[in-house]
**Student:** 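One structure coming up, written as structure tokens, with questions to follow.
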Amino acid sequence: MGVLLIGSGGREHALVYAFSRSQAAGDIYCTPGNGGIAELATCVDLDVTDHRSVIGFCENNNVELVVVGPELPLVDGLVDSLEAKGIKAFGPTKAAAQLEGSKAFTKQLCSKYNIPTADYEVFDEAQGAQNYLNDCSYPIVIKADGLAAGKGVVIADDQAQAQQAVQDCFDGRFGEAGTSIVIEECLVGEEASFFAICDGEYAMELPTAQDHKCAYDGDIGPNTGGMGAYSPAPIMTDEMCQRTMSEIIMPTLRGMKADGMPFKGVLFAGLMITSKGPELIEYNVRFGDPECQVLMSRLRSDLLPVMLASSNGGLDRLVNEFDDRPAVTVVMASNGYPGAYESGSEIKGLEEAAGDADIMIFHAGTKIEDGRVLASGGRVLNITALGETVLQARDKAYAAIEKIDWPQGFYRKDIGWRAVAREQETI
Ligand code: AMP
Ligand code: GLY
């Protein structure tokens, strides 16, 4: 089957890696792709906001399945446009993508179907929100309703900070995304990422993961897209996974279907494990990045039939298989990220670093020029390793990084610290 993948990050390189190992794969295309993806797929330059050009490409190149990596084209309705032309797509429709595209939508769904989440109020004008801040307890969480590239959430320790955050939103800091806001209770606990591939009715559970959002060691510094991840997340015991499925994922699927927006694609629940159990922080309607990198490095079964069944139905007849060993991925980013950074520096030593079968290097912001690998983005590489333990996987990833010669990059040295601390307690 011909496949077109949309995206350019480490998540997409990991997906292409899975497709390249699929029995079902024919030609694999990716737009726009990156330096690593170009080794496994044909990279093409399409304007994904122009749905007709994507449809035309699929028709001319026998593409049978389009897999959408990032959220923007989903929220923009690309899947609807493709399906209207009979082209299968992995991902939700525009209506179902509201689970990520509007935080207020998701909170209202949670209320309607009794899904555990933080108590909240939605406001679409500043005065009501500011009045509400007079009587709430702190810390409190202020969120722009729409897509804000992960920057639309402020945890305010006191009323002054909260007032500022509300003001920033309604002053247009997040554009359209901030014309409405959610103010919610601050949940206390440990976070985990939970994934299920869905066909509108059935949910296939995938392994869990945990990511590291802060830029620097010790979970300090500015928020990023994610500086590393590992899978599985030890906090997600079998009981917690079962509860997440029965209390969060399945009621969501049933509710979305009942409301006329059946959810297909991958449902990624950002969870807080509180003293009461799993609570939903937010939904994403795509794989996490860098969580996808650790999931794909553990995947042993064929992903493409599962993705096709997510679109066609019949997912309940398929199984998935993952390596029991944990995986760790460490992100190497350009110095300065998530602020300003320079592009164009050369990265050397990647072949030596990837010399072991348990090491996978997924590219994010790279490009190849005259056979040289150059940095071309904020997050640049994902050094991913499997090991018997998280500690061993992490040591392998860091040993591989030692072989990479790229002075213009940096990485966190403590990825997986929670899981490693737990492992050491049990020794
Ligand atoms: P979100 O974009 O909704 O995932 O929020 C980004 C991050 O903010 C989450 O990963 C959490 O670390 C934090 N966060 C969001 N909502 C809450 C909440 N209600 N309580 C505590 N932390 C939160
Ligand atoms: N790593 C978190 C995300 O992809 O949203």
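Order of appearance sets the numbers: ligands from 1, and atoms from 1 within every ligand. Numbering starts at 1 and runs along the sequence shown. Computed from heavy atoms alone, side chains included, the values below leave out hydrogens, waters and symmetry copies.
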**Student:** Does the side chain of Q108 come within less than 4.5 Å of V122's, by heavy atoms?
**Tutor:**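 Yes, at least one pair of side-chain atoms sits under 4.5 Å.
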
**Student:** Within 45° of the axis and under 6.0 Å from the centre of the six-membered ring of Y411, does NZ or CZ of K413 qualify?
**Tutor:**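 Relative to the ring axis of Y411, which defines the angle, K413 lies inside both limits.
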
**Student:** So which protein residues pack against ligand 1 under 4.0 Å, heavy atoms counted?
**Tutor:**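 Within 4.0 Å of ligand 1, the protein residues are K103, A118, V141, K143, V153, I155, E184, E185, C186, L187, E191, K213, M272, I281, E282.
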
**Student:** Atom CD1 in I142, atom CG in L133: separation rounded to 0.5 Å?
**Tutor:**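 Taking CD1 in I142 and CG in L133, the distance rounds to 5.5 Å.
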
**Student:** As a test of reading the model: which residues have a non-hydrogen atom less than 4.0 Å away from ligand 2?
**Tutor:**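 Contacts of ligand 2 under 4.0 Å: D211, G225, F268, N284, R286, G288, D289, P290, E291.
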
**Student:** Return each pair, listed once, that meets salt bridge (charged side-chain N to carboxylate O under 4.0 Å, His left out) where at least one residue sits in residues 227-236; pairs must be two or more places apart or across chains.
**Tutor:**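 Listed once each, the pairs would be none.
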
**Student:** Considering only heavy atoms from C-beta outward, does the side chain of I181 approach that of D145 to under 4.5 Å?
**Tutor:**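 When only atoms from C-beta onward are counted, D145 and I181 do not touch, as no gap falls below 4.5 Å.
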
**Student:** Test: ring-ring contact (aromatic ring centres under 6.0 Å, His included). Region: residues 255-299. Which pairs qualify, not counting sequence neighbours?
**Tutor:**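 Checked against ring-ring contact (aromatic ring centres under 6.0 Å, His included) - neighbours excluded - the pairs reaching residues 255-299 are F195-F268.
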
**Student:** Less than 4.5 Å apart, side chain to side chain, heavy atoms only: is that true for N320 and I197?
**Tutor:**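 N320 vs I197: side chains apart.
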
**Student:** To the nearest 0.5 Å, how far apart are CE in M227 and OG1 in T329?
**Tutor:**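 Here the rounded value is 11.0 Å.
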
**Student:** Can you give me the closest heavy-atom contact between G128 and F123, atom names plus distance?
**Tutor:**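 Of all heavy-atom pairs spanning G128 and F123, the closest is O-CE2, 3.5 Å.
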
